[in-house]
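Everything below concerns the one structure shown next.
The residues of the chain are indexed from 1 along the displayed sequence. All heavy atoms count here, side chains included; hydrogens, waters and symmetry mates do not.
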Amino acid sequence: MPTMVRVWLVFFMVLTNGFSSTGTAMDNFTIPESVNIGVLYSFNTSVGRIVKIAVEAAVEDINSDPSILSKTKLKVSLQEDSKYRGFLSIAEALQLMATHTVAIIGPQTSTTAHVISHIANELQVPLLSFSATDPTLSSLQFPFFIRTAFSDIYQMTAIADLVSFYEWREVIAVYGDDDHGRNGMGALGDKLAERRCKISFKAPMNPEATREEITDVLVQVALAESRVIVLHTSTAWGPKVFSVAKSLGMMENGYVWIATNFLSTRLDIDSPLSSDVMDEIQGVITLRMYIPDSKHKRLFTSRWKNLTSGKTANGSLGLSTYGIFAYDTVYVLARALDTFFKQGNQITFSFDSKLSQLRGDNMHLDAVKIFNEGKLLCKSIQAVNMTGVSGPFKYTSDGDLVNPAYEIINVIGTGTRRVGYWSNYSGLSIVPPETLYSKPPSRAGVSQKLLPVIWPGDTVKKPRGWVFPNNGRLLKIGVPTRVSYRQFVSHVQDTDMFKGFCIDVFLSAVNLLPYAVPYKFIPYGDGQRNPSNTELVRLITSGVFDAAVGDITITTERTKMVDFTQPYIESGLVVVAAVKTTESNAWAFFTPFTPMMWTVTAISFLIVGAVVWILEHRLNDDFRGPPRKQIVTTLWFSFSTMFFAHRENTVSTLGRFVLLIWLFVVLIINSSYTASLTSILTVQQLSSPIKGIESLINSKEPIGYLQGSFTRNYLIGEIGIDESRLVPLKTPEESTKALEKGPSKGGIAAYVDERAYIELFLSSQCGFTVVGQEFTRNGWGFAFPRDSPLAVDMSTAILELAENGDLQRIHDKWLLNRACLSQGQKFEVDRLNLKSFWGLYLLCGLACLLALFIYLIQTLKQYNKHCPMEPEPSSVQGSSRSSHFRTFLSFADEKEEIVKRRSKRRQMERISYRSTSEVGSSISNTEYYQSSLNRIDSTNEV
């Protein structure tokens with residue numbers, strides 16, 4: 001690249017032979033009296049005229065402000081960029097650099113910036129541009145290019161967020177075929193991909209395209225599927241695109257036009273536009289760089305009319321964001337120079353040693369010199385932190401301005417309406433971005449909001465964003481030609497028609513779509529065996545088919561290749577095996593319960609009987625007597641409760657509580673036992689050595705599967721079954737013969753297939769049944785290319801079919817044939833196990849423990865009351881404990897009524913004895929003695 005730069009320099013030095021050397025040495029003063037800056041713009045354009053006015057106003061304000069560059073004046077050189085692209089722009093840039101310019105404001109376009117940035121790198125002259133927004137200019141390749149506005153990377157992010165917000169998936173990119181357009185669309189494609197969207201069609205145009213060339217491009221756009229069009233171009237020929245689109249009927253209902261900030265710039269500068277021009281852009285959405293409201297902005301806006309008065313021959317110029325950023329760019333450069341000088345730096349130039357060998361008498365290359373302190377000035381510019389008309393002005397570490405934001409504008413009637421904002425901090429919102437900077441950033445869907453938009457065609461209804469291409473091409477739908485289970489899909493002989501359950505579901509869903517779908521069915525398969533649905537799906541990714549309709553199972557592998565609709569039938573894998581009838585035997589009454597259930601139930605009877613005996617023994621004569629009698633009574637009482645035939649009454653509250661809980665448990669157990677035994681004795685039982693998929697995994701016997709289905713790959717890859725054990729079967733007849741033979745005669749032990757197929761298979765084969773549980777959860781759907789909007793609409797239609805009952809009616813039409821499945825047969829025995837009843841046993845056990853605890857507390861209180869312990873010497877305390885324990889057991893064994901009667905008699909004796917002693921000790925207490933006698937007489941009477 002440096003060699004190319006030197007060639008350009010030589011070439012343009014010849015063209016500029018009239019250059020006079022201005023290479024006088026700078027004086028030795030630290031701060032010069034003036035500094036030369038250049039402005040490279042096309043001043044005959046509307047943007048150029050605004051830039052000129054804004055720059056001149058900024059220079060005048062700075063030179064009159066003693067707080068900035070107090071000892072130095074800015075001298076601005078305005079250089080006309082007549083073509084603002086190509087080699088002539090290079091020559092014009094060299095003319096500026098030959099005047100000892102320390103910085104250049106410009107160029108106007110990204111195309112020119114790419115070229116001039118190489119020269120700026122060589123001569124170390126900073127380029128400050130607010131209109132060259134190509135994202136690639138921010139790379140390390142151009143260290144002397146400094147952007148003083150927002151990069152297009154943020155504008156493309158805002159457009160991608162818009163597309164995602166309205167749930168569109170594809171857009172068409174119309175752009176100028178230059179660096180600005182291509183790189184901008186590249187950034188848009190990346191941002192769309194992050195949101196699972198894409199550019200479906202790119203329509204580049206010559207930046208100087210004629211109306212006829214624009215027409216040719218837009219005709220191709222109109223034939224495409226997407227109706228969301230992003231237009232990224234310049235103010236020069238962007239309006240021509242809208243004019244041609246209007247004439248082609250592309251500004252009507254159903255279209256979406258999103259224009260980059262070139263349109264908002266023209267609306268700001270040339271407002272008001274004529275009614276014809278406004279009619280061509282009705283409903284368009286455009287973006288405008290957001291400048292927050294401030295005192296500086298209001299003052300500058302009110303001052304703008306005075307600045308433009310009398311300076312434009314074509315009428316007044318409106319203030320656009322470019323004018324504001326141009327004004328702030330001069331201020332940024334002035335503040336950077338002020339800091340540059342305060343740091344003790346000087347402005348010096350030197351010859352480029354790389355050009356010394358090219359210097360000649362007629363080339364005057366001595367006019368082009370290197371700015372020695374260019375790198376320092378670049379650092380000062382990037383370190384500026386100020387508040388300008390455009391708001392806070394500060395650079396990030398990536399060289400971009402902080403807080404990039406855009407206004408989202410909707411063109412309506414004779415003007416525009418702001419429908420929201422976008423910022424890199426919080427995404428889409430309806431409030432100004434600066435109000436959200438103090439809050440945590442949120443990109444959640446609920447926080448993304450915009451006001452209603454009026455779209456092309458004067459409608460507020462959100463456009464669908466796509467249509468079927470109007471190019472006469474039919475949608476090619478691949479349909480598998482099955483040789484088995486033709487109720488699902490079958491090819492009508494000698495026609496291009498198909499019929500079956502899957503076909504009827506597809507046709508019914510298509511009829512519910514709000515638009516016509518041109519399609520044709522294309523058979524897939526040789527008709528001799530079932531084709532592989534995975535290969536059919538793979539052909540969609542290669543473009544052979546546009547969709548696939550049939551009995552296509554939704555699997556993980558296939559979802560990585562295509563998008564599926566909502567499942568229209570559930571169909572997981574099941575195991576089918578041959579079964580035989582099981583006759584009941586003499587011991588069938590043991591069958592309802594498992595051995596563990598029988599054991600726990602018997603133990604529970606004994607425990608409850610023992611608990612009731614303990615609770616009733618001191619109160620109830622039925623539970624008293626000799627030990628043998630009590631044991632027999634307890635056993636009889638326990639097991640008679642099974643039939644609610646117990647004769648012994650319970651008199652204690654705790655005993656009745658325990659018995660109530662136990663009788664409830666017995667009721668549930670009896671009911672369950674009766675129901676299970678009835679089923680065993682009345683329903684025909686079937687048995688099979690295969691219990692489910694687990695039995696197949698642990699065995700070595702052959703397994704059959706339907707040829708062409710995903711079952712084979714699933715059994716090998718997911719279950720881990722050896723491939724040698726798998727036997728492909730083409731038809732239900734082959735499956736029947738293989739199952740009847742069994743593994744010992746060259747057949748199969750079991751047949752694995754999807755439930756939808758198995759239901760049809762078992763409707764005519766009563767010697768087989770499903771064993772075990774369904775071990776996958778799959779469904780069937782229609783396949784479409786990735787991100788196809790038709791898949792979403794078809795899913796909605798399938799859900800509508802399910803809600804209105806049409807899906808069930810289609811199912812009954814083709815698949816309602818279940819003769820053998822309705823015979824009431826039962827596979828083996830559903831034995832009742834402890835797992836189903838452990839809650840009841842737990843409840844009964846807790847009730848018993850609670851009753852025993854309360855009973856123990858009550859007994860201890862009675863023992864302490866009726867049998868108080870007297871203090872004993874410590875030497876006999878050890879032996880007394882055992883005697884007390886025996887005394888307590890004897891107390892607990894006695895009937896409660898006898899204990900209370902004996903206790904009462906002892907109390908009366910103690911009272912009588914105490915009264916007699918008091919008479920002998922005091923003769924004077926005659927009255928008290930008489931009263932004691934009266935109490936004794938009363939007690940004796942009692």
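One N or O on the side chain of Gln448 and one on the backbone of Leu428 form a donor-acceptor pair closer than 3.5 Å. Between the side chain of Arg464 and the backbone N or O of Trp466, at least one donor-acceptor pair lies under 3.5 Å.
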Quiz prompt | Full working for side chain to side chain contact (heavy atoms under 4.5 Å, CB included) between Arg266 and Ile281 | solution = CA-CA 12 Å; Arg266 191 188 181 203; Ile281 56 176; over 6 Å; no

Practice problem: Please assess Ser129 against Phe145 for the test side chain to side chain contact (heavy atoms under 4.5 Å, CB included), listing each intermediate value before the final yes or no. | Solution: CA-CA 8 Å; Ser129 180; Phe145 178 84; 3.8 Å; yes

Quiz prompt | Verdict with reasoning, Trp422 to Tyr290, per ring-ring contact (aromatic ring centres under 6.0 Å, His included) | solution = CA-CA 9 Å; Trp422 178 91; Tyr290 175 66; over 10 Å; no

Practice problem: Start with the C-alpha distance between Arg211 and Ser243, add both sets of side-chain angles, then the distance that settles side chain to side chain contact (heavy atoms under 4.5 Å, CB included), and finish with yes or no. | Solution: CA-CA 9 Å; Arg211 188 177 181 87; Ser243 177; 3.1 Å; yes

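Counting all heavy atoms, side chain and backbone alike, Ala245 lies closest to Leu218 at N-CD1, 3.6 Å. The two residues Asp178 and Pro207 come nearest to each other via the heavy atoms OD2-CG, 3.8 Å. Counting all heavy atoms, side chain and backbone alike, Pro441 lies closest to Tyr425 at CD-OH, 3.2 Å. Between Phe784 and Val562, the shortest heavy-atom distance links the atoms O-CB, 3.1 Å.
Between Asn410 and Ile454 there is a side-chain heavy-atom pair separated by less than 4.5 Å.
Residues Tyr154 and Tyr406 keep their aromatic ring centres 6.0 Å or farther apart. Residues Phe545 and Phe521 keep their aromatic ring centres 6.0 Å or farther apart. Between Phe142 and His118, the gap from one ring centroid to the other is short of 6.0 Å.
Note that the NZ atom of Lys462 and the CZ atom of Phe165 stand 9.5 Å from one another [nearest 0.5 Å]. Residue Ile199 holds its CD1 atom at 5.5 Å from CG of Leu192, rounded to the nearest 0.5 Å. Note that CG of Asp161 and CD1 of Ile159 are 10.5 Å apart. Values are rounded to the nearest 0.5 Å. Atom CZ of Phe242 and atom CD of Glu280 lie 9.5 Å apart (nearest 0.5 Å). Distance CG/Asp328 to CG/Leu128: 12.0 Å, rounded to 0.5 Å. Atom CG of Leu450 and atom CG of Leu162 lie 6.0 Å apart (nearest 0.5 Å).
For the residue pair Ser426 and Ser423, a side-chain donor N or O sits within less than 3.5 Å of a side-chain acceptor on the partner. Side-chain atoms of Thr136 and Asp134 include a donor-acceptor pair closer than 3.5 Å. With 3.5 Å as the limit, one finds a donor-acceptor pair spanning the side chains of Asn44 and Ser42. A donor atom on one side chain and an acceptor atom on the other are not found under 3.5 Å apart for Ser320 and Asp268. Between the side chains of Asn253 and Trp455, no donor N or O sits under 3.5 Å from an acceptor N or O.
Ring geometry for Tyr41 against Phe130 counts as parallel: the plane angle stays under 30°, on a 0 to 90° scale with 60° as the upper cut.
The salt bridge (charged side-chain N to carboxylate O under 4.0 Å, His left out) test with Glu170 is passed by exactly one of Lys198, Arg227, Lys202: Lys198.
Sequence neighbours left out, the pairs with a member in residues 784-798 that pass side-chain hydrogen bond (donor to acceptor under 3.5 Å, both in side chains) are Arg196-Asp787, Tyr515-Asp793, Asp563-Arg786.
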